[in-house]
Amino acid sequence: MTIIERIKCIIPSFLLIGIGILEINYPHFMDNFDDGYTGRGISGFIMLLFELFIKFTWGKIEGFIAIIIGIFLIVIFLLPDFETKNEQTAEQTEINNQKKSLTKSLSSAAFRAGKSYLQRKYDQK
């Protein structure tokens with residue numbers, strides 16, 4: 001992920017954390033909320049749903065939940081970098097294991113060759 005992609009993903013999380021902090025500091029802000037909006041059509045219905053969502057999710061507990069969700073989203077957005085690093089280290093480990101097995105087989109072949117050479121020298125004497 002590039003820096004701009006990270007910023008695009010993390011800014012909404014910071015916004016959610018900020019709303020959570022406001023909910024904790026001002027838990028009774030939405031108690032008497034009534035804007036008298038009587039919009040018509042689909043836009044009025046969407047606005048009504050948005051207002052009801054804000055009204056019913058405003059409070060101290062919901063603020064803590066919003067902060068936790070914001071932090072969780074930031075962690076999720078940063079995890080793919082860790083996964084690619086883990087994949088790279090897994091590939092490096094596999095390559096190292098192949099090198100070790102190749103070294104082990106070559107050293108055992110060299111040991112057998114040296115042993116047979118010494119046995120032939122010993123038998124010739």
Rounded to the nearest 0.5 Å, what separates atom [atom1] in [X] from atom [atom2] in [Y]?
X     : Y     : atom1 : atom2 : value
Phe72 : Phe77 : CZ    : CZ    : 10.5 Å
Ile69 : Leu16 : CD1   : CG    : 6.0 Å
Ile10 : Ile76 : CD1   : CD1   : 12.0 Å
Thr57 : Glu62 : OG1   : CD    : 6.5 Å
Ile24 : Ile19 : CD1   : CD1   : 12.5 Å

On a heavy-atom basis, which atom in [X] and which in [Y] lie closest, and how many Å separate them?
X     : Y     : value
Gly59 : Glu23 : O-CB, 3.4 Å
Trp58 : Tyr26 : NE1-O, 2.6 Å
Leu73 : Ser13 : CB-OG, 3.3 Å

Does some side-chain heavy atom of Arg120 sit less than 4.5 Å from a side-chain heavy atom of Ser116?
yes
With a 6.0 Å cut-off (strictly less than), is the heavy-atom count around CG of Leu49, excluding the residue itself, greater than 12?
yes
Give the cluster check for [X] versus [Y]: same hydrophobic cluster or not, with ILVMFWY residues linked at side-chain heavy-atom distances below 4.5 Å.
X     : Y     : value
Ile46 : Leu52 : no
Ile21 : Ile74 : yes
Phe14 : Ile67 : yes
Ile68 : Ile61 : no

